[in-house]
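What follows is one structure encoded as structure tokens, with my remarks underneath.
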Amino acid sequence: MRKINKAIPFFLCITILGLVSCRPVEQTQASTPVTQQNQTNNKLFPVKSNGKYGYIDQTGKIVITAQFDEAFDFSEGMAKVKLGDKFGYIDSTGKTVISPQFEDADDFSEGLAGVMTDGKMGFIDTTGQMIISPQFDDAEDFSEGMAEVKIGEKWGYVNKAGEIVIAPQFEDSQNFLQGLAAVQVGSKWGYIDKTGKFIWNPTE
């Protein structure tokens, strides 16, 4: 499930600024004004009415009637919604694309979404087919072809084939950006590349 953004020690970001940007800078620079405008024009906003959730557009017009017990932002053309105690996905017309069947779920990222079945996390594609079987105690979104997964109390990384590329060994982790990911060892944070090699050893 989605983690609360962790604060990597500020000096660590400053120290290796020449190697990788801190997340807020990366996300800001990645979007051009045109892209941001298009995203705004097409964006739907979840709203609550009479105890149920639906969606409005930027003019306040109801686009998808309030019918869900919970509703979330769209990502890659799909939004996660909850009916009863199960999560599924709809498209921008409100059509159910993947029926509510999961105990928990994440947004789609790079064509895959983390979902929970019988207390374990796996990944589905946009048709609802289980691509990586539920086997993890927790999981995060894919970024640059890798996703953080948790087994027991440790975090590691898998690829889109579900293969463990970097064995779970970290107390905490973040997703890959520009080929690097921040990981926590004990109380210290460092940066690894996609082979799991430290390019900046953990520091306080």
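Just so it is clear, the model here is predicted, and its values are computed rather than measured. All values below were derived from every heavy atom in this structure, side-chain atoms included, with hydrogens, water molecules and symmetry-related copies excluded.
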ask   = How about Glu204 and Ser187: do any of their side-chain heavy atoms sit closer than 4.5 Å?
value = yes
Next item on the list: Begin with the C-alpha distance, continue with both residues' side-chain angles, and end with the deciding distance and a verdict on side-chain contact (heavy atoms from CB on, under 4.5 Å) for Lys120 and Asp137.
Entry: CA-CA 5 Å; Lys120 295 292 184 180; Asp137 295 307; 2.5 Å; yes
Check: Is the backbone of Thr127 close enough, under 3.5 Å, to the side chain of Gln129 for a donor and an acceptor to pair up by distance?
Finding: no
On a heavy-atom basis, the closest approach of Pro46 and Tyr55 is N-CD2, 3.6 Å
### Query
Could you go step by step and tell me if Asp172 and Val183 meet the side-chain contact (heavy atoms from CB on, under 4.5 Å) rule?
CA-CA 6 Å; Asp172 213 337; Val183 295; over 6 Å; no
Close side-chain approach of Lys188 and Asn201, heavy atoms under 4.5 Å
no
Between the OG1 atom in Thr93 and the CD1 atom in Ile64, the distance rounded to the nearest 0.5 Å is 6.5 Å
CD (Gln184) and CH2 (Trp155) are apart, to the nearest 0.5 Å, by 12.0 Å
- prompt: Do Gln58 side-chain atoms and Gly60 backbone N/O form a donor-acceptor pair below 3.5 Å?
  reply: no
Rounded to the nearest 0.5 angstrom, the CD-CZ distance for Glu148 and Phe170 is 10.5 Å
Rounded to the nearest 0.5 angstrom, the NZ-CD1 distance for Lys197 and Ile166 is 13.0 Å
In short, Lys52 meets Gln67 closest at the heavy-atom pair CB-N, 3.8 Å
Task: Plane angle bin for Phe87 and Phe72 - parallel if under 30°, tilted between 30 and 60°, otherwise perpendicular - done: tilted
query = So if you build clusters from Ile, Leu, Val, Met, Phe, Trp, Tyr with side-chain heavy-atom gaps below 4.5 Å, do Leu112 and Met130 land together?
reply = no
Practice prompt. Go through Asp141 and Asn175 one step at a time and tell me if the side-chain contact (heavy atoms from CB on, under 4.5 Å) criterion holds.
Written response: CA-CA 8 Å; Asp141 296 343; Asn175 61 358; 6.0 Å; no
field: Audit row: Thr203, Trp189, side-chain contact (heavy atoms from CB on, under 4.5 Å) steps and yes/no
entry: CA-CA 6 Å; Thr203 53; Trp189 284 87; over 6 Å; no
Distance col, row Lys150:NZ vs Glu171:CD, nearest 0.5 angstrom, shows 10.0 Å
Closest non-hydrogen atoms of Ile124 and Phe108, given as atom of the first, atom of the second and distance, are O-CE2, 3.8 Å
Rounded to the nearest 0.5 Å, the CD atom of Glu70 sits from the CG atom of Leu83 at a distance of 10.5 Å
When you group the ILVMFWY residues by side-chain heavy-atom contacts below 4.5 Å and let the links chain together, are Phe142 and Val149 in the same group? yes
Handout entry: Any side-chain heavy-atom pair of Leu44 and Asp57 under 4.5 Å
Key = yes
Discussion item. Grouping I, L, V, M, F, W and Y whenever their side-chain heavy atoms are under 4.5 Å apart, do Val63 and Tyr89 come out in a common cluster?
Written reply: no
Quiz item: Got a sec: does the CD1 of Ile62 have more than 12 other heavy atoms crowding it under 6.0 Å?
Solution: no
Heavy-atom closest pair (Tyr157 atom, Ala182 atom, distance to 0.1 Å) is OH-O, 4.0 Å
Any link between Val81 and Met78 through a network of hydrophobic side chains (Ile, Leu, Val, Met, Phe, Trp, Tyr) touching at under 4.5 Å? no
### Query
Does Lys194 reach the main-chain N or O of Glu144 with its side chain, forming a donor-acceptor pair under 3.5 Å?
yes
Between Ser143 and Leu177 the two heavy atoms that sit nearest each other are OG-CD2, 4.3 Å
- Query: Are the side chain of Gln101 and the backbone of Ser99 linked by a donor-acceptor contact shorter than 3.5 Å?
  - Reply: yes
For Leu180 and Asp193 the tightest heavy-atom approach is CD2-CA, 4.0 Å
Hphob cluster co-occupancy, Met121 + Ile131, side-chain heavy atoms under 4.5 angstrom
yes
### Message
Checking the side chain of Glu103 only, and the main-chain atoms of Asp118 only, is there a donor and an acceptor separated by less than 3.5 Å?
### Response
yes
